*Asks:* 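My structure is below; once you've seen it, I'll send some questions.
From a predicted model like this one, the values you see are computed outputs, not experimental measurements.
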Amino acid sequence: MDVDVVVVGGGPVGLYLAAALLPQGISVRVLERRQSRDLHSRAIGIHPPALDALDDIGVASALVREGVPIRTGMAVSRGKTLGVMAFDGVSDTFPFVLALPQFRTEQLLEARLRELDSEALVRGVEATGVNDDGDHVTIEIQRPPGTPAGATSFSASMVVAADGARSTWRGLLGVPVHRKTYPDHYLMGDFADPGRHGNTAVLFLERDGIVESFPLPGEIRRWVVRLGRPAEDAGAVDLAGIVAQRTGILPDAGTNSMLSAFSVRSTLALRTVVGRVVLLGDAAHEISPIGGQGMNLGWLDAWALVPLLLESLAGRRTDTGFTQFEADRRRAAQLARRQSEINMLLGRPLPSPLVRLRNAAIGAAAATPAVNAWVARRFTMQEERLHSGNSCRLTGSSSRNCPG
């Protein structure tokens, strides 16, 4: 089957890219290995720049209707408020961070994609080989036993690999990576919201390690605790106990609806453009989940990539553009990684004297309007947007000449 663009990976980044390309007259197929969507909630925070990008493809309003707009963040230690950060000045269109479970975000993106092309998403296929002849890329695919027969290969002018942090395509392309591991381990879970903090995100900066708390739709609240070792077999009762020990708030373990443990690493691909194949999102840069930047960074990757794909498919020379794209997105990933490292550093256990020093510094920063506003922009990725490089608004544009 011949198409303009094959997107490998039907997660939030791959779905977004396909939905951005189809209205421009580009034929797209999204190849997804999973037969059904994973309902286990992972990422939950959607930042204002990403909402602007999602608005371009017509899904932001649906996301906002279902999500919880977090307009305020608060830092607390030993029951005392250290500072409050408001997001009302970070964006004219979306002055908040939207909290919505990733699986629901993906469902809404998939629904939009199917509106545009009911056959665009192809499930149950896995790429087993790739051949780039300089003009087209041929992808050999494999279908699980017992599934209906179909095409055994796809040929495309361009391929975008958005197949996640454990990307198969990095290996197929022989792309080296730079990995870092960290001494940070986390346990998180969703419980009925006790109703103390409304729609405010709360960071409990305690001596034994940070506790993060975020509102979710359906009167649910997510709790994330920092641990000094992998959580292993910890359960909902264990998580609730740690939260209570550090914050004085005891989530009802009987209401737990999601539980997950993770250790932190970062992975940066040393190349993200290889011939006519582009690595995108977590396949190009895996960032610590602390700070909620990974999914948003992937959307901004895709948002910046769209004009280049349109130019390439229109037959224009794009060598310089792709080189600049690769450099810009690497800088953005490095910035996001540094931010996540700062976030993790602030949440690590400290002896009491250093806790007091850290808390005093946070309180002073929060009380300084200019610093408070700058931190709010950094936290919501507004500064990163300046480097995304996409001057083409997709809404209302219907030709491959959008970049011109």
*Asks:* When you check the gap from the basic side-chain N to the acidic O, do Glu115 and Arg112 get nearer than 4.0 Å?
*Replies:*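 So Glu115 pairs with Arg112 through a salt bridge.
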*Asks:* For the residue pair Leu279 and Ala269, what are the closest heavy atoms and their distance?
*Replies:*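 Closest heavy-atom pair between Leu279 and Ala269: CD1-CB, 4.2 Å.
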*Asks:* Look up atom OH in Tyr16 and atom CD in Glu106, then write down how far apart they are to the nearest 0.5 Å.
*Replies:*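 Going from the OH atom of Tyr16 to the CD atom of Glu106 covers 16.0 Å.
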*Asks:* Kindly give the heavy-atom pair with the smallest separation between Val30 and Gly14, and that separation in Å.
*Replies:*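 Residues Val30 and Gly14, closest heavy atoms: CG2-O, 4.4 Å.
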*Asks:* Are any of the side-chain nitrogens in Arg226 or Asp184 under 4.0 Å away from the carboxylate oxygens of its partner?
*Replies:*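 A salt bridge is present here (some side-chain N lies under 4.0 Å from a carboxylate O).
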*Asks:* Check whether any side-chain N or O of Arg170 sits under 3.5 Å from a backbone N or O of Ala165 as a donor-acceptor pair, and report yes or no.
*Replies:*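 Checking the backbone N and O of Ala165 against the side chain of Arg170, a donor-acceptor pair under 3.5 Å is found.
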*Asks:* Are Asp117 and Arg29 close enough for a salt bridge, meaning some N to O gap below 4.0 Å?
*Replies:*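 The answer is yes: the pair qualifies as a salt bridge.
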*Asks:* For the residue pair Ser266 and Tyr182, establish whether any side-chain heavy-atom pair is separated by less than 4.5 Å.
*Replies:*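 A side-chain contact exists here, since the closest heavy-atom pair is under 4.5 Å.
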*Asks:* Does the side-chain contact (heavy atoms from CB on, under 4.5 Å) test come out yes or no for Glu326 and Thr323, once each step is laid out?
*Replies:* CA-CA 5 Å; Glu326 187 174 42; Thr323 298; 5.5 Å; no
*Asks:* Could you state the interatomic distance from OG1 (Thr152) to CD1 (Ile141), rounded to the nearest 0.5 Å?
*Replies:*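 Answer rounded to 0.5 Å: 6.5 Å.
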*Asks:* Can you check whether Phe191 reaches Leu239 side chain to side chain, under 4.5 Å on heavy atoms?
*Replies:*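 Yes - at least one pair of side-chain heavy atoms lies under 4.5 Å apart.
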*Asks:* How about CZ on Arg34, more than 12 heavy atoms from neighbouring residues, nucleotides or ligands closer than 6.0 Å, or not?
*Replies:*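 It does: Arg34 CZ has more than 12 such atoms within range.
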*Asks:* With side-chain contact (heavy atoms from CB on, under 4.5 Å) as the criterion, how do Val159 and Val130 come out once you've worked through the C-alpha distance, each side chain's angles and the decisive distance to 0.1 Å?
*Replies:* CA-CA 10 Å; Val159 173; Val130 58; 5.9 Å; no
*Asks:* Has the side chain of Ser91 got a donor or acceptor atom that lies under 3.5 Å from a matching backbone atom of Thr93?
*Replies:*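 At least one qualifying donor-acceptor pair exists.
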*Asks:* Under 3.5 Å, is there a donor-acceptor pair between the Gln334 and Arg337 side chains?
*Replies:*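 Looking only at side-chain atoms, Arg337 and Gln334 do not form any donor-acceptor pair under 3.5 Å.
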*Asks:* Do Asp4 and Ser27 get their side chains close enough for a donor-acceptor pair, meaning under 3.5 Å?
*Replies:*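 Yes, because at least one side-chain N or O of Asp4 sits under 3.5 Å from a partner of the opposite role on Ser27.
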*Asks:* Do you know the tightest heavy-atom contact between His136 and Ser155?
*Replies:*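 Smallest interatomic distance, heavy atoms only, reads CB-OG, 3.9 Å.
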*Asks:* Any donor-acceptor pair under 3.5 Å linking the side chain of Gln293 with the backbone of Ala336?
*Replies:*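 A pair under 3.5 Å: yes.
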*Asks:* Does atom CZ of Arg265 have more than 12 heavy-atom neighbours from other groups under 6.0 Å away?
*Replies:*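 More than 12 within 6.0 Å, yes.
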*Asks:* According to the interplanar angle, ranging from 0 to 90°, do the rings of His197 and Phe204 count as parallel (below 30°), tilted (30 to 60°) or perpendicular (above 60°)?
*Replies:*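 It falls in the perpendicular class, over 60°.
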*Asks:* Roughly how far apart are Asp190 CG and Ile44 CD1, rounded to 0.5 Å?
*Replies:*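 CD1 of Ile44 is found 7.0 Å from CG of Asp190.
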*Asks:* Side-chain contact, heavy-atom cut-off 4.5 Å: Met258 with Arg222?
*Replies:*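 Sidechains of Arg222 and Met258: in contact.
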*Asks:* Just by distance, with hydrogens left out, do His185 and Ser263 show a side-chain donor and acceptor under 3.5 Å apart?
*Replies:*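 Yes - a donor-acceptor pair under 3.5 Å links their side chains.
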*Asks:* Return the minimal non-hydrogen interatomic distance between Val97 and His47, and the atom names on each side.
*Replies:*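 What the structure gives for the nearest pair is CG2-ND1, 3.6 Å.
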*Asks:* Side chain to side chain donor-acceptor pair (under 3.5 Å), that's the test. Do Ser213 and Arg221 meet it? Break it down for me.
*Replies:* CA-CA 7 Å; Ser213 178; Arg221 200 160 189 94; 2.5 Å; yes
*Asks:* What's the shortest heavy-atom distance between Trp169 and Val8, and which atoms?
*Replies:*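 Looks like NE1-CG1, 3.5 Å.
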*Asks:* Roughly how far, to the nearest 0.5 Å, is the CG atom of Leu203 from the CZ atom of Phe214?
*Replies:*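 Going from CZ on Phe214 over to CG on Leu203, the span is 6.0 Å.
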*Asks:* To the closest 0.5 Å, what do you measure between CG (Leu309) and CZ (Arg276)?
*Replies:*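 It is 10.0 Å, given to the nearest 0.5 Å.
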*Asks:* Does any part of the side chain of Leu313, heavy atoms only, come nearer than 4.5 Å to the side chain of Ile26, both counted from C-beta?
*Replies:*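 The answer is yes; the side chains approach within 4.5 Å.
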*Asks:* In this structure, which one of Asn296, Leu54, Leu300, Leu297 forms a side-chain contact (heavy atoms from CB on, under 4.5 Å) with Pro49?
*Replies:*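 Checked Asn296, Leu54, Leu300, Leu297 against Pro49; only one passes side-chain contact (heavy atoms from CB on, under 4.5 Å): Leu300.
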*Asks:* Thinking salt bridges, do Asp301 and Arg329 make one under a 4.0 Å N-O criterion?
*Replies:*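 Salt bridge: yes.
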*Asks:* State the CD1-CE distance between Ile287 and Met295, to the nearest 0.5 angstrom.
*Replies:*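 If I round to the nearest 0.5 Å, the distance is 14.0 Å.
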*Asks:* Can you confirm whether Arg166 sits close enough to Glu286 that some side-chain heavy atom of one is under 4.5 Å from a side-chain heavy atom of the other?
*Replies:*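 The answer is no, as the side chains (C-beta and beyond) never meet within the 4.5 Å cut-off.
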*Asks:* Show your reasoning for whether ring pair (Phe, Tyr, Trp, His ring centres under 6.0 Å) applies to Phe96 and Phe87.
*Replies:* CA-CA 5 Å; Phe96 48 79; Phe87 301 137; 9.5 Å; no
*Asks:* For Leu346 and Ile210, run side-chain contact (heavy atoms from CB on, under 4.5 Å): C-alpha distance rounded to whole Å, both residues' side-chain angles, the deciding distance at 0.1 Å, then the answer.
*Replies:* CA-CA 8 Å; Leu346 290 173; Ile210 195 171; 6.0 Å; no
*Asks:* Closest approach of Val355 and Leu350, non-hydrogen atoms and distance?
*Replies:*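 Smallest interatomic distance, heavy atoms only, reads CG2-O, 3.4 Å.
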*Asks:* Got Leu17 and Val306 here, is their nearest side-chain heavy-atom distance under 4.5 Å?
*Replies:*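 With C-beta onward as the side chain, the pair touches.
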*Asks:* side-chain contact (heavy atoms from CB on, under 4.5 Å) between Val278 and Phe322: does it pass, once the steps are laid out?
*Replies:* CA-CA 9 Å; Val278 181; Phe322 277 109; 4.0 Å; yes
*Asks:* Using atom types as modelled and distance alone, determine if a side-chain donor or acceptor of Asn372 lies under 3.5 Å from a backbone N or O of Ala366.
*Replies:*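 Judged by distance alone, yes, a pair lies under 3.5 Å.
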*Asks:* With a 3.5 Å distance limit and no angle check, can you tell me whether Glu206 reaches the backbone of Arg78 through a side-chain donor-acceptor pair?
*Replies:*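 Checking the backbone N and O of Arg78 against the side chain of Glu206, a donor-acceptor pair under 3.5 Å is found.
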*Asks:* Scan Val225, Val264, Leu227 and name whichever one has a side-chain contact (heavy atoms from CB on, under 4.5 Å) with Tyr186.
*Replies:*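 So the option named by the test is Val264.
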*Asks:* Does Arg331 reach the side chain of Asp328, with side-chain heavy atoms less than 4.5 Å apart?
*Replies:*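 Yes - at least one pair of side-chain heavy atoms lies under 4.5 Å apart.
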*Asks:* For Asp133, does the CG atom have more than 12 heavy-atom neighbours from other residues, nucleotides or ligands under 6.0 Å away?
*Replies:*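 More than 12 heavy atoms, drawn from other residues, nucleotides or ligands, come within 6.0 Å of this atom.
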*Asks:* Verify, without hydrogens or angle tests, whether Arg246 (side chain) and Gly209 (backbone) share a donor-acceptor contact under 3.5 angstrom.
*Replies:*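 Checked: pair present.
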*Asks:* Any non-hydrogen side-chain atom of Asn343 less than 4.5 Å from a side-chain atom of Ser288?
*Replies:*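 Answer no - side chains too far apart.
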